[in-house]
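First up is the structure itself, then whatever we jot down about it.
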Amino acid sequence: MYPLIRFAKELLKFRNAPPLPPTGTHVSTHICWPWDLDPWIELNNGRTLTLFDLGRIPLARRTGMIPVLRANNWGITVAGNSTRYRRRIRAFDRFTMLSRMVGWDHRFVYMEQSMWRGGECCNQVLIRSAITSAKGIVPPAEVVRALGHDMESPALPDWITAWIAADAERPWPPAIPEDAKLSLPL
């Protein structure tokens with residue numbers, strides 16, 4: 001189930017937080033509750049991705065994105081991600097989440113988020129998001145102008161541009177293995 005109560009709590013908690021520039025960092029603290037756990041009594045990998053929403057949505061609010069989305073009847077969607085899991089987060093562990101927009105290209109916005117316990121990074125995600133309208137993807141430069149900023153994207157780090165290039169090589173739709181073709185209603 002989506003953590004709606006935690007989501008509302010984060011929005012309330014940061015309702016009066018100072019605005020952030022488009023590439024500012026939103027910092028939040030969270031607790032790993034028993035319902036976040038997998039059978040190995042650690043933060044479930046899928047739940048990790050859901051909990052990252054608790055950083056991205058307040059970030060969007062603090063940068064002014066939410067009113068701009070509403071005013072223009074735009075939406076925002078995750079269009080891809082790459083996640084690294086390096087350290088366990090266990091039941092009742094308190095962790096700090098860092099969320100920021102790194103930059104954008106002609107179609108997508110790239111965000112980086114990480115969860116930290118003390119000075120140790122437990123996991124990190126790179127999110128590729130698209131701002132959408134009834135006509136399709138809204139160019140990020142147009143979104144940034146709607147936010148009231150006249151700026152170019154900061155240069156994307158090499159590791160992000162390498163991920164973009166590698167992901168562009170990935171076939172879509174994926175090939176269906178021969179032994180699975182009879183199992184799908186094609």
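Just so you know, these numbers come straight off a predicted model, no measurement behind them. Numbering starts at 1 and runs along the sequence shown.
Placement of M97 and V102 in two distinct hydrophobic clusters is found when ILVMFWY residues are connected by side-chain heavy-atom separations under 4.5 Å, directly or transitively. Criterion: ILVMFWY side-chain heavy atoms under 4.5 Å apart, direct or through other members. Under it, F95 and W40 are not part of a common hydrophobic cluster. Criterion: ILVMFWY side-chain heavy atoms under 4.5 Å apart, direct or through other members. Under it, V27 and I57 are not part of a common hydrophobic cluster. Hydrophobic clustering of Ile, Leu, Val, Met, Phe, Trp and Tyr side chains at less than 4.5 Å, counting indirect connections, keeps M101 apart from I76. Side-chain heavy atoms closer than 4.5 Å link hydrophobic residues (I, L, V, M, F, W, Y) into clusters, and following such links, even through other members, never connects V143 to I127.
Residue S99 forms a side-chain hydrogen bond (donor to acceptor under 3.5 Å, both in side chains) with just one option from Q113, E112, H26, and that option is Q113.
Remark: side-chain polar atoms of R87 are not paired, donor with acceptor, to backbone N or O of N123 under 3.5 angstrom. Between the side chain of R62 and the backbone N or O of P18, at least one donor-acceptor pair lies under 3.5 Å. Formation of a donor-acceptor pair under 3.5 Å by the D36 side chain with backbone atoms of W33 is found in this model. In this structure, D167 contributes its side chain and W163 its backbone to no donor-acceptor pair below 3.5 Å.
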* **Full working for side-chain contact (heavy atoms from CB on, under 4.5 Å) between S129 and M111** => CA-CA 8 Å; S129 284; M111 291 177 275; 3.1 Å; yes
* Asked: Do R128 and D105 pass the salt bridge (Lys or Arg N to Asp or Glu O under 4.0 Å) test, and can you show the C-alpha distance, the side-chain angles, and the key distance before you say yes or no?
  -> CA-CA 10 Å; R128 176 177 55 208; D105 60 20; over 6 Å; no
* To do: Decide side-chain contact (heavy atoms from CB on, under 4.5 Å) for Q124 and T83; before the verdict, give the C-alpha distance in whole Å, the side-chain angles of both, and the deciding distance to 0.1 Å.
  => CA-CA 6 Å; Q124 178 203 36; T83 310; over 6 Å; no
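For the residue pair G103 and S153, the shortest heavy atom distance occurs at CA-OG, 3.3 Å. The minimum heavy-atom distance between R6 and I31, with the atom names listed, is NH2-O, 3.0 Å. Taking each heavy atom of K13 and T29 in turn, the nearest pair found is NZ-OG1, 3.5 Å.
Note that the CZ atom of R90 and the CD atom of E42 stand 5.5 Å from one another [nearest 0.5 Å]. Once rounded to the nearest 0.5 Å, the distance linking CD1 of I164 with CG of L156 reads 5.5 Å. Here CZ of R100 is found 10.5 Å from CG of L59. Values are rounded to the nearest 0.5 Å. Rounding to the nearest 0.5 angstrom, the gap separating the CZ atom in R47 from the CH2 atom in W35 is 9.0 Å. Interatomic distance, CG of L69 versus OG of S133, reported as 11.5 Å (0.5 Å rounding). Of the inter-residue distances, the one linking T48 atom OG1 with D38 atom CG reads 9.0 Å to the nearest 0.5 angstrom.
With contacts defined as side-chain heavy-atom distances shorter than 4.5 Å, the pair L51/M115 qualifies. Between V68 and W74 the shortest side-chain heavy-atom distance falls below 4.5 Å. V78 has its side chain within reach of R56: a pair of non-hydrogen atoms, C-beta onward, lies under 4.5 Å apart. Within the 4.5 Å cutoff, side-chain heavy atoms of C32 are placed close to those of L37. Annotation: side chain of I160 is in contact with side chain of L126 (closest heavy-atom distance under 4.5 Å).
Between R145 and E142 there is no salt bridge, since no side-chain nitrogen of the basic residue lies less than 4.0 Å from a carboxylate oxygen of the acidic one.
Within the structure, no pair that satisfies the ring pair (Phe, Tyr, Trp, His ring centres under 6.0 Å) test touches residues 97-149, not counting sequence neighbours.
In this view, E10 satisfies the side-chain hydrogen bond (donor to acceptor under 3.5 Å, both in side chains) rule with no residue, not counting sequence neighbours.
Taking a 6.0 Å sphere around CD1 of I5, one finds it holds 12 or fewer heavy atoms contributed by other residues, nucleotides or ligands.
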